[in-house]
Amino acid sequence: MTQPKATSQPDASTPEEPQAHGVHIDATPGDAVIRLDGHILPRGHITGYVLQHDIHAALPSLILHTRQPAGAVFEGLATVAVAQPQDHGDLIAQFLEAIDPAALQRAALDRKDLDGGKHGVTQAILRQLADWSQGRN
C-alpha cells in the first residue's frame, strides 16, 4: 500500500493572509484625500475612516466606510477592511426588547430628578433608558 504524498499547497478552505497596503491620508475638517498604494480613492465613495494602531502590533488597521453597498476594490501598509454603515435601529430595538418593564418603571419612579409635571414620568423613563444605554445605573 502506498502512502499519499504530502503537498505544500495550502488547503482551499484556508483563508488567505491579509495583505498590507501603502496608505496616505491627508485630512481636513469635512474632507479627506486617501491614497492606497499611491492611488487616490474617488471623492464621494468614502464616507469615513477609522485608523487604529496598537503599538505592539505589526501594522495599523484602516477601516474605510464606503457608500457602495456592493463593496469596493482597493489596492493598497495597513491592513485594510471595508465596512458597511450599521443600522442602529436594530441595535436600539435589541436594547429596548431586553428591558424589564417593571424594573424600568421602578427605576424611573425612584429617580431623584423625577419631575411632577405632565410629562415627568415619561421624561424619567427616557433619562433612565439613556443612563442604562451608557452603562450607568
Side-chain angles (χ1 to χ4, degrees):
M1 175 180 265
T2 60
Q3 296 287 336
K5 290 185 178 180
T7 63
S8 62
Q9 294 180 348
D11 183 295
S13 64
T14 304
E16 290 184 29
E17 288 292 319
Q19 290 186 323
H21 300 277
V23 176
H24 179 90
I25 301 172
D26 185 6
T28 59
D31 188 36
V33 175
I34 301 173
R35 295 176 192 262
L36 292 178
D37 293 335
H39 302 283
I40 296 177
L41 301 179
R43 288 194 184 274
H45 288 199
I46 304 300
T47 61
Y49 67 91
V50 177
L51 181 62
Q52 179 180 344
H53 187 201
D54 175 356
I55 294 172
H56 301 289
L59 294 172
S61 294
L62 174 64
I63 300 171
L64 299 171
H65 298 270
T66 178
R67 291 189 197 282
Q68 300 170 328
V73 177
F74 294 111
E75 273 188 64
L77 259 238
T79 303
V80 177
V82 178
Q84 297 297 319
Q86 293 181 353
D87 180 5
H88 296 293
D90 290 340
L91 294 173
I92 294 168
Q94 288 174 352
F95 169 76
L96 292 174
E97 288 169 358
I99 300 293
D100 175 358
L104 175 59
Q105 184 175 7
R106 279 191 308 274
L109 293 175
D110 289 343
R111 289 182 66 92
K112 292 182 174 139
D113 61 354
L114 177 63
D115 181 357
K118 182 177 179 180
H119 303 290
V121 173
T122 303
Q123 186 176 31
I125 289 171
L126 292 171
R127 285 181 178 160
Q128 189 62 46
L129 287 170
D131 285 351
W132 283 349
S133 73
Q134 300 280 320
R136 299 184 301 247
N137 291 329

Passes side-chain contact (heavy atoms from CB on, under 4.5 Å), Gln105 versus Val121? Steps please.
CA-CA 9 Å; Gln105 184 175 7; Val121 173; over 6 Å; no
Rounded to the nearest 0.5 Å, what separates atom CZ in Arg106 from atom CG in Leu104?
9.5 Å
Reported CD1-to-NE2 distance for the pair Ile40 and His24, which is rounded to 0.5 angstrom:
9.0 Å
Between Trp132 and Ala107, the two heavy atoms sitting closest are CZ2-CB, 3.8 Å
Interatomic distance, OH@Tyr49 vs CD1@Ile25, rounded to 0.5 Å, equals 5.0 Å
Leu129 side, atom CG; Ile92 side, atom CD1 - distance, nearest 0.5 Å
11.0 Å
For a quick test of reading the model, state the closest non-hydrogen atom pair linking Ala108 to Ala124 and the distance between them.
O-CB, 3.6 Å
Check against side-chain contact (heavy atoms from CB on, under 4.5 Å), Val23 and Leu51:
CA-CA 10 Å; Val23 176; Leu51 181 62; 5.7 Å; no
Value rounded to 0.5 Å, distance of CG in Asp115 from CZ in Arg127
7.5 Å
Please round to the nearest 0.5 Å and tell me the distance separating atom CG of Asp31 and atom CD1 of Ile46.
12.0 Å
Same cluster (ILVMFWY, side-chain, under 4.5 Å), Leu96 and Ile125:
yes
